[in-house]
Amino acid sequence: MATKTGGKLVYRLAEGSADMVGLLGSKGAHASEMARIGIPVPPGFVITTEACLEYFRLGGNFPEGLWDSIVANILELEKETGRKFGDPADPLIVSVRSGAAVSMPGMMDTILNMGVVDSTVQGLSLMMNDERPAWDAYRRLIQGFGSVVLGIEKDRFESALEEAKVAAEVTADHELAPDQLKVLTQAYKRIVSEEVGQELPQDPWELLRMAVEAVFASWNNPRAITYREHEGIAHDLGTGCVIMAMVFGNLGPDSGTGVLFTRSPATGE
C-alpha cells in the first residue's frame, strides 16, 4: 500500500500531534497531542484515515499488515497497563472509537467495553472490586456491539432493559443488582442469537476486528453521508479509529463521564 506516510497504518498516541488531523482524525490527533505534552490520557493508538480509505479501495478488506499492527499495538497496551487482552484474571478492556478529521458529532460509531466476554467478566469484577459495574459493562458491550456491528435495532435491547427494571421494581439502570444484570446479559445474548442466527462470538480478538471494520464502515453509513452533504464535507477523507484503554464511568457516585468546555460554546464566555 503506497501512502504519504510510507505505509505506516497505526500510530501510538504520543507519536502523533495536533497537526496530523488529516491522517489521524481530529479525535486521534488531539488525544495524541495531549499524550505528547504529558497530559494524562489513557494509553492507546490510532489507525489512520488512509488505512480506512484503503479498506474501502480493497472492497472491505484490511490493508496488508494492518491487523498485525493492531495486534502488536494491543500487546504494547498490555505492557503499559499490566493487563492482558482476553485474560480471565486481569483483562485489558479497550474502547474502539471513530474520529474523522472534521467533527461529525453522533454520525459515526463507537464500541465501548471491548474485551468483556464470558471468560473475562469475573476477572473484571475482581479488578473493579465490584460485580455490578463489571456485568453492567458486559451488557453495554453486547448492546453496543449488537447495534453498531451486527445491525440489531437498539429498541430490542432497550425493551429488555426496561423489562428488567420493571421486574426489579427500580427506575434507574444503575439500580439493577449484579444478579439482575447477569439475567439481563443473558437476555441480550439471546437477542443477538435470535437476530443474527448465531451466538455472540466469545473470542475478544474476533470482536475487536469486527469492531474496527464497523468503525471504518460507519464513515459511509447513511446518516454520515447525509451530514457531510448538508455540511459540505468531502466524502473522501475517511475516519481514523482510536483504540484506548477503557476508562469506566460506572464505578460509583465518584465516577462518571462527560464533556468539559473551558469556554461556553453558546456565548464564548
Side-chain angles (χ1 to χ4, degrees), residues 1-12 16 20-29 44-75 85 94-104 106-112 114-115 141 144-154 192-193 195-244:
M1 169 183 169
T3 72
K4 300 171 191 171
T5 57
K8 189 173 176 66
L9 303 173
V10 178
Y11 284 73
R12 305 293 302 167
M20 296 172 68
V21 167
L23 183 66
L24 303 181
S26 181
K27 193 176 296 175
F45 57 93
V46 188
I47 304 168
T48 67
T49 58
E50 289 183 353
C52 171
L53 293 172
E54 187 69 4
Y55 172 83
F56 292 134
R57 283 192 286 268
L58 293 171
N61 293 294
F62 277 180
E64 184 179 353
L66 176 57
W67 180 244
D68 289 341
S69 293
I70 292 170
V71 171
N73 277 278
I74 289 287
L75 297 179
F85 194 61
V94 300
S95 58
V96 183
R97 302 176 184 274
S98 59
V102 180
S103 179
M104 295 171 54
M107 296 300 107
M108 295 184 301
D109 293 323
T110 286
I111 301 98
L112 304 178
M114 180 59 54
L141 175 278
F145 190 91
S147 58
V148 169
V149 182
L150 302 178
I152 300 170
E153 288 294 329
K154 291 180 182 177
V192 170
S193 181
E195 290 288 335
V196 302
Q198 61 185 42
E199 301 292 325
L200 180 77
Q202 288 296 315
D203 178 357
W205 291 101
E206 180 182 354
L207 294 173
L208 177 63
R209 183 169 183 134
M210 294 171 72
V212 172
E213 291 186 358
V215 165
F216 284 167
S218 71
W219 173 254
N220 282 332
N221 72 35
R223 67 180 184 273
I225 292 171
T226 300
Y227 183 89
R228 289 198 297 273
E229 289 175 347
H230 184 267
E231 297 294 322
I233 299 169
H235 293 295
D236 61 354
L237 302 177
T239 180
C241 178
V242 184
I243 298 178
M244 301 174 79

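Values in this document were obtained by computation on a predicted structure and should not be read as measured data.
- Closest approach of V149 to A214, counting heavy atoms only: CG2-CB, 3.7 Å.
- Here the side chains of L112 and R97 are in contact, with some heavy-atom distance below 4.5 Å.
- Between V148 and T110, the shortest heavy-atom contact is CG2-O, 4.0 Å.
- Rounding to the nearest 0.5 Å places CH2 of W219 at 4.5 Å from CG of L237.
- Residues M114 and P204 share a closest heavy-atom pair of SD-O, 4.3 Å.
- For V196, the side chain to side chain contact (heavy atoms under 4.5 Å, CB included) test picks out L150, I152, V192, Q198, with sequence neighbours left out.
- Side chain of R12 to backbone of N73: a donor-acceptor contact under 3.5 angstrom is found.
- Atom CG of N220 is separated from atom CZ of F56 by 4.5 Å, given to the nearest 0.5 angstrom.
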Side chain to side chain contact (heavy atoms under 4.5 Å, CB included) assessment of W67 paired with L9 | CA-CA 10 Å; W67 180 244; L9 303 173; over 6 Å; no

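- Partners of W205 according to the ring pair (Phe, Tyr, Trp, His ring centres under 6.0 Å) rule, which considers only residues two or more places apart in sequence or in another chain, are F85.
- At a threshold of 4.5 Å between non-hydrogen side-chain atoms, the residues V10 and L66 count as touching.
- Among residue pairs with one or both ends in residues 202-227, those qualifying as salt bridge (charged side-chain N to carboxylate O under 4.0 Å, His left out) are D109-R223, R209-E213; sequence neighbours excluded.
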Could you check V102 against S26 for side chain to side chain contact (heavy atoms under 4.5 Å, CB included), going step by step and ending with a plain yes or no?
-> CA-CA 7 Å; V102 180; S26 181; over 6 Å; no

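- Residues I243 and I74 are in side-chain contact: their nearest non-hydrogen atoms beyond the backbone lie under 4.5 Å apart.
- T49 places a side-chain N or O within 3.5 Å of a backbone atom of L23 that can act as its donor or acceptor partner.
- Using a 30° and 60° split on the angle between ring planes, F62 and F216 fall in the perpendicular class, above 60°.
- Scored by the side chain to side chain contact (heavy atoms under 4.5 Å, CB included) test, S147 finds K154 as partners (sequence neighbours excluded).
- Residues forming a side chain to side chain donor-acceptor pair (under 3.5 Å) with E231 (at least two apart in sequence, or on another chain): none.
- Of all the heavy atoms in K27 and G99, the pair that sits closest is CB-CA, 4.3 Å.
- Between H235 and E229 the shortest side-chain heavy-atom distance falls below 4.5 Å.
- Considering CG of L141 and CG of L200, their distance stands at 7.0 Å, rounded to 0.5 Å.
- In this structure, the side chains of C52 and I47 stay at 4.5 Å or more apart for every pair of heavy atoms.
- Legend: residues meeting side chain to side chain contact (heavy atoms under 4.5 Å, CB included) with A224, ordered by chain and number and at least two apart, are M104, M107, M108, N221, R228.
- For CD of Q202, the number of neighbouring non-hydrogen atoms (other residues, nucleotides, ligands) closer than 6.0 Å is greater than 12.
- Contact between A100 and T239 at its shortest, heavy atoms only, is N-OG1, 3.5 Å.
- To the nearest 0.5 Å, atoms OG (S69) and OH (Y11) are separated by 11.0 Å.
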